[in-house]
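Here is the structure we will look at, set down as structure tokens.
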Amino acid sequence: QEGGKQMRMAAAEARRVLVDMAAEKLGVPAGQLTVKDGVVSATGDASKKTSYADLIGGKFFNVHLDWNGKYGNPLYAPGKAKPKDPKDYTIVGKPIPRADIAGKVFAQADFAIDIKVPGMVHGRMIRPAIAGAVPVKVDESSIKGIPGAKVVWDKGFLGVVADREWDAIKAARALKVEWSNASPPFPDQSALYDHIRKAPTRKRDVGKHIGDVDAAFKTAAKVIEAEYEWPFQSHARMGPGCALVDFKDGHATCWSGTQKSHFVQMGVAAILGIPKEQVHVIWTTGPGSYGRSDADDAAADAAVLAKAVGKPVRVQYMRDQGTAWDPKAPASIHTARAALEKFLPAERRGSVATFLNR
């Protein structure tokens with residue numbers, strides 16, 4: 001509901017700018033131009049026409065937008081244009097066939113896992129059994145019998161690369177690693193909800209007080225209360241996360257199925273220590289997911305490996321890594337109470353309810 005609104009405003013502004021450009025090129029007032037299928041033409045004179053491709057092809061808009069200063073989904077940057085009136089819609093609301101379905105059904109479309117570039121190697125990450133543990137000793141000789149296998153170890157980061165993917169998988173399984181002692185940072189799952197209930201309140205924000213809630217509960221004929229326990233929600237993709245990064249001459253190219261290419265660009269740039277303008281993220285279809293997924297993490301890992309070995313590196317997580325190390329929506333407890341009375345004066349009829357969330 002937020003991203004769609006922003007795209008609608010951006011599209012309206014792009015159309016306005018393109019029509020203004022066409023007006024200048026054709027010598028016709030913008031109000032006397034119509035657009036159909038990307039072609040701008042003068043009303044009543046079909047000979048005067050141009051296309052969006054001719055007007056903007058290969059160039060940037062460079063139009064000022066009133067950005068609200070927020071990143072991610074809340075970002076909003078309207079221009080001067082107003083969106084089209086719904087009565088003038090020609091596409092929205094119509095049963096438009098998706099052009100990507102056939103390629104997916106018949107296994108003809110490339111996904112992120114299918115991307116290959118010359119000279120690339122395959123990478124695999126090695127994670128500890130307990131979050132927070134770091135490698136203190138790595139026996140690189142334990143994978144010397146695997147062709148082309150190489151260890152990349154930098155503080156808490158540990159991965160392997162090999163020329164063939166199966167060799168990278170074998171190296172990740174065979175590498176002998178001694179991990180630091182680390183206590184599990186999370187409570188046992190059986191005690192999770194009691195842990196949440198006992199956790200101290202860090203912030204409480206009451207938006208607005210309306211009436212006397214405490215008094216309403218004291219005089220209520222009936223109070224209904226319910227409590228809901230919400231588990232951790234995995235953001236792992238339907239298939240393991242995968243990304244490919246090619247880093248050379250101070251520039252990085254990344255192929256990723258991320259939901260937010262601009263965040264991957266910022267992350268890869270920070271990891272490699274280069275300006276974000278020197279990172280090109282090419283979005284490629286990836287497996288479905290909910291919210292921020294491990295696709296972004298795969299890109300970050302591939303960037304570290306690519307810089308270390310000086311070759312393009314393709315990282316694909318294993319299924320257990322995807323579900324164990326993907327971003328998680330937090331577990332929570334929600335308590336709802338409602339106070340009901342048999343009769344209230346007209347100005348007070350209804351229910352009084354308060355919702356307390358942890």
Side-chain angles (χ1 to χ4, degrees), residues 1-8 10-11 14 37-38 52-53 57 72-73 75 89-125 163-169 172 233-246 252-268 279-303 305-306 312-329:
Q1 71 272 20
E2 293 177 317
K5 177 180 66 174
Q6 172 55 30
M7 291 300 295
R8 185 174 180 231
D37 297 332
Y52 283 167
N73 292 334
L75 183 150
Y89 287 167
T90 57
I91 297 176
V92 176
K94 300 295 189 298
I96 308 297
R98 282 180 50 166
D100 61 330
I101 296 298
K104 292 177 179 178
V105 171
F106 295 108
Q108 296 170 333
D110 282 344
F111 279 66
I113 61 171
D114 300 311
I115 303 301
K116 299 177 177 63
V117 299
M120 79 174 193
V121 295
H122 297 269
R124 282 297 188 275
M125 297 306 301
D163 296 336
R164 298 190 308 171
E165 185 174 15
W166 179 234
D167 287 335
I169 294 172
Q233 299 292 320
S234 179
H235 284 209
R237 305 182 79 86
M238 295 291 288
C242 181
L244 170 62
V245 173
D246 185 5
T253 303
C254 172
W255 290 262
S256 171
T258 177
Q259 292 189 20
K260 294 182 173 66
S261 299
H262 54 293
F263 280 165
V264 170
Q265 180 193 41
M266 294 167 63
V268 169
V279 178
H280 181 200
V281 178
I282 301 173
W283 184 85
T284 308
T285 303
S289 67
Y290 169 79
R292 182 194 175 279
S293 71
D294 50 353
D296 300 34
D297 300 331
D301 289 336
L305 293 174
V313 176
R314 174 188 177 275
V315 169
Q316 180 175 324
Y317 291 144
M318 308 302 286
R319 179 71 283 174
D320 61 322
Q321 292 179 335
T323 52
W325 292 88
D326 67 304
K328 298 283 195 296

The side chain to side chain contact (heavy atoms under 4.5 Å, CB included) partners of Gln233 (sequence neighbours excluded) come to Trp230, Pro231, Ala329

Original post:
If we only count heavy atoms from C-beta on, is the Val245 to Val313 side-chain gap below 4.5 Å?
Top reply: no

Item to check | Donor-acceptor pair, side chain of Arg124 and main chain of Gln316, under 3.5 angstrom | outcome: yes

Between Val264 and Ala299 the two heavy atoms that sit nearest each other are CG1-CB, 3.8 Å

Closest non-hydrogen atoms of Ala112 and Gly257, given as atom of the first, atom of the second and distance, are CB-N, 4.2 Å

By side-chain hydrogen bond (donor to acceptor under 3.5 Å, both in side chains), Ser293 pairs with (sequence neighbours left out) Arg237

In short, Met125 meets Tyr317 closest at the heavy-atom pair CG-CE2, 3.8 Å

Residue pairs meeting salt bridge (charged side-chain N to carboxylate O under 4.0 Å, His left out), one or both in residues 282-293, sequence neighbours left out, come to Arg292-Asp297

CH2 (Trp255) and CZ (Arg314) are apart, to the nearest 0.5 Å, by 13.0 Å

Applying side-chain hydrogen bond (donor to acceptor under 3.5 Å, both in side chains) to Gln265 and not counting sequence neighbours gives none

For Asp294, the salt bridge (Lys or Arg N to Asp or Glu O under 4.0 Å) test, sequence neighbours excluded, returns none

Residue set satisfying salt bridge (Lys or Arg N to Asp or Glu O under 4.0 Å) with Asp326, at least two apart, ordered chain then number -> Lys328

With sequence neighbours left out, the residues meeting ring pair (Phe, Tyr, Trp, His ring centres under 6.0 Å) with His235 are Tyr290

The salt bridge (Lys or Arg N to Asp or Glu O under 4.0 Å) partners of Arg8 (sequence neighbours excluded) come to none

Taken to the nearest 0.5 Å, the spacing of Trp283 CH2 from Gln259 CD works out to 10.0 Å

Practice task
Report the C-alpha separation of Lys260 and Asn73 in whole Å, then their side-chain angles, then the decisive distance to 0.1 Å, and conclude whether the side chain to side chain contact (heavy atoms under 4.5 Å, CB included) test is met.
Solution key: CA-CA 10 Å; Lys260 294 182 173 66; Asn73 292 334; 3.7 Å; yes

query = More than 12 heavy atoms of other residues, nucleotides or ligands under 6.0 Å from CZ of Arg319: is that the case?
reply = yes

Worksheet item: Have Asp296 and Thr258 got a donor and an acceptor in their side chains that come within less than 3.5 Å?
Response: yes

Closest non-hydrogen contact found for Ala298 with Ala243 is C-CB, 3.8 Å

Exercise answer: donor-acceptor pairs, residues 104-111 side-chain atoms, under 3.5 Å, sequence neighbours excluded:
| unit_1 | atom_1 | unit_2 | atom_2 | d |
| --- | --- | --- | --- | --- |
| Lys104 | NZ | Asp100 | OD2 | 2.9 |

Here the pair of heavy atoms bringing Ile169 nearest to Met318 is CG2-CE, 4.1 Å

Do the side chains of Gln321 and Pro240 get nearer than 4.5 Å, heavy atoms only? no

Heavy-atom nearest pair, Ser289 first then Ala236, reads CB-O, 4.3 Å

Residues at least two apart in sequence or cross-chain that pass side-chain hydrogen bond (donor to acceptor under 3.5 Å, both in side chains) with Thr284, listed by chain then number, are none

Across all chains, not counting sequence neighbours, the side chain to side chain contact (heavy atoms under 4.5 Å, CB included) partners of Ala252 are Phe247, Val268, Leu272, Ile274, Val279

Applying side chain to side chain contact (heavy atoms under 4.5 Å, CB included), run through Ile115 and Met120 and close with a yes or a no.
-> CA-CA 10 Å; Ile115 303 301; Met120 79 174 193; over 6 Å; no

Side chain to side chain contact (heavy atoms under 4.5 Å, CB included) filter on Met238, not counting sequence neighbours, yields Pro287

